[in-house]
Amino acid sequence: MKKSSEKLTDINQIGEFGLIDLITNDFDIVNDSTELSIGDDAAILNYKNQKTIVSTDMLVEGVHFDLSYFPLKHLGYKAVVSSISDICSMYGTTKQITVSIAISNRFKLESIKELYSGINHACKRYNVDLIGGDTTSSLKGLVISVTAIGCTTKSGYVTRSGSKPNDLIVVTGSLGGAYLGLQVLEREKQVFLVNPNNKPDLSKYKYVVERQLKPEAKSDIIEFFLENKIKPTSMIDISDGLSSEIIHLSKNSGNGCIIYEEKLPISQETVDTCKEFKLEASTIALSGGEDYELLFTIDSKDLKKIEQHKEFSVIGYVTKESNTNLITRDGKTTPINSMGWKSF
Ligand code: ADP
Ligand code: MG
């Protein structure tokens with residue numbers, strides 16, 4: 001955090017080109033497919049005979065993030081991660097990104113540098129090249145748009161459609177943490193608004209807050225799939241929440257599913273925080289978003305291959321009938337809707 005006494009630099013002082021130079025200076029190019037990067041009217045990529053995958057995400061201040069508790073560095077990191085996650089869910093590898101920003105005069109050079117240090121951190125972590133973008137002004141607030149470009153692997157790509165009855169439904173990692181992290185941060189913001197001297201102690205919520213502020217894309221899972229010759233029949237990343245992603249996979253494949261409540265992977269920290277917020281952990285696991293885990297279906301003969309990896313939970317299976325159902329802990333069957341599932 002910069003001290004308020006420190007002199008901050010107005011962007012007008014250095015101009016648009018000065019800003020672009022400053023923020024893009026520290027980025028390295030690490031991929032062969034990047035033939036020409038920042039500095040011309042466009043970038044040139046050379047994927048030879050590999051198929052190219054492209055995905056774009058846009059984040060708007062006040063709609064997708066709140067800078068009163070979301071540090072700019074984390075925002076830059078998360079914006080890149082969420083785009084990489086989309087490429088992962090196609091069974092692809094991300095190689096390049098473009099980043100476009102619209103900024104109001106409220107943002108000083110130091111803030112934009114913070115944002116780009118998070119972007120750079122993500123580029124390094126995931127071996128991705130920043131190859132361009134656009135910089136413009138906004139009347140109010142910050143808008144950031146990231147386009148991720150990648151390629152398919154030699155095993156081809158995986159879409160949301162393609163599952164068949166009796167395929168197993170599998171999810172990586174654990175669910176619901178990111179949503180609870182957001183609840184904790186929102187609550188602390190309210191406390192702070194009432195009395196700015198209240199310093200929040202978030203140590204107890206480290207796990208869930210980190211799930212919200214610093215999610216990771218599951219590129220390591222794609223590598224595991226490739227090494228073990230596993231090709232999911234369908235796949236999606238969990239950005240909106242498990243239940244809505246399950247419905248996407250079912251609708252796109254023209255079938256349904258049975259999910260078991262007791263199989264949902266939920267961390268102890270998430271369960272504990274749910275208790276404090278008087279929320280039901282299973283409901284949060286189904287409807288909380290932004291976990292950036294992968295949800296996929298596999299042929300049941302691949303079960304042995306995924307059992308060796310502790311990150312995977314088999315949570316159900318694909319059915320021929322188009323209903324998407326949850327079997328609760330007490331053995332009842334209840335429909336899953338896109339808002340999660342109504343507990344009764
Ligand atoms: P143009 O006039 O064609 O829009 P710019 O002057 O905006 O070109 O951009 C110059 C170069 O800087 C281009 O390579 C562009 O992709 C890159 N660039 C501009 N803004 C950003 C940004 N916010 N992040 C990364 N690269 C950027
Ligand atoms: Mg431009």
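Count residues from 1 along the sequence. In each ligand, atom 1 is the first atom listed, and ligand 1 is the first ligand listed.
Under 3.5 Å, the side chains of Glu35 and Tyr47 contain no donor-acceptor pair of N or O atoms. Defined by atom type and a distance below 3.5 Å, a donor-acceptor pair is missing between the side-chain atoms of Asn252 and Thr159.
In this structure, atom 4 (O) of ligand 1 lies nearest to the protein heavy atom Asp134 OD1, 3.7 Å. When only non-hydrogen protein atoms are considered, atom 14 (O) of ligand 1 lies nearest to Gly39 N, 2.9 Å. Scanning the protein heavy atoms around atom 3 (O) of ligand 1, the nearest turns out to be Asp41 OD1, 3.9 Å. The protein atom (non-hydrogen) at minimum distance from atom 26 (N) of ligand 1 is Gly132 C, 3.3 Å. Protein heavy atom in closest approach to atom 6 (O) of ligand 1: Phe17 CE2, 3.3 Å. Protein heavy atom closest to atom 20 (N) of ligand 1, with residue, atom name and distance, is Thr135 OG1, 2.8 Å.
Crowding of Phe27 atom CZ: a count of heavy atoms from other residues, nucleotides or ligands under 6.0 Å exceeding 12.
Note: Leu182 CG to Tyr69 OH = 4.5 Å, rounded to the nearest 0.5 Å. Summarising the geometry, atom CG belonging to Asp134 is positioned 7.0 Å from atom CD1 belonging to Ile20; distances are rounded to the nearest 0.5 Å. Rounding to the nearest 0.5 Å places CD of Glu290 at 8.5 Å from OG of Ser82. Note that NZ of Lys229 is 8.0 Å distant from NZ of Lys305, once rounded to the nearest 0.5 Å.
Closest heavy-atom approach to atom 12 (O) of ligand 1 within the set Ile119, Ile20, Ile103, Asp40: this belongs to Ile20. If you check each of Ser100, Ala42, Gly133, Ala102 against atom 18 (N) of ligand 1, the one with the closest non-hydrogen atom is Gly133.
Within the protein, the number of N/O/S atoms found under 2.8 Å from the Mg ion (ligand 2) is 1.
By the ring pair (Phe, Tyr, Trp, His ring centres under 6.0 Å) test, Phe224 is found to be paired with His309, Phe312, residues two or more places apart in sequence or in another chain being considered.
Taking a cut-off of under 4.0 Å to the non-hydrogen atoms of Glu16, the atoms of ligand 1 that pass are 7 (O). For ligand 1, the atoms lying closer than 4.0 Å to a non-hydrogen atom of Thr24 are 25 (C), 26 (N). Below 4.0 Å from some heavy atom of Ile38 lie the following atoms of ligand 1, by number and element: 12 (O), 14 (O), 17 (C), 26 (N).
For Tyr116, every heavy-atom contact with ligand 1 shorter than 4.0 Å involves the side chain, none the backbone.
Side-chain contact between Ser243 and Asn337 is absent, with no heavy-atom pair separated by less than 4.5 Å. Side-chain contact between Thr94 and Ser83 is absent, with no heavy atoms from C-beta onward closer than 4.5 Å.
Distance remark: protein heavy atom not present below 4.0 angstrom from atom 1 (P) of ligand 1.
Residues Asp291 and Gly177 come closest through the heavy atom pair OD1-N, 3.6 Å.
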**Prompt:** Given the rule in the salt bridge (Lys or Arg N to Asp or Glu O under 4.0 Å) test, do Lys231 and Asp299 qualify, once you have shown the distances and angles that lead to the verdict?
**Reply:** CA-CA 9 Å; Lys231 191 171 179 196; Asp299 191 295; over 6 Å; no
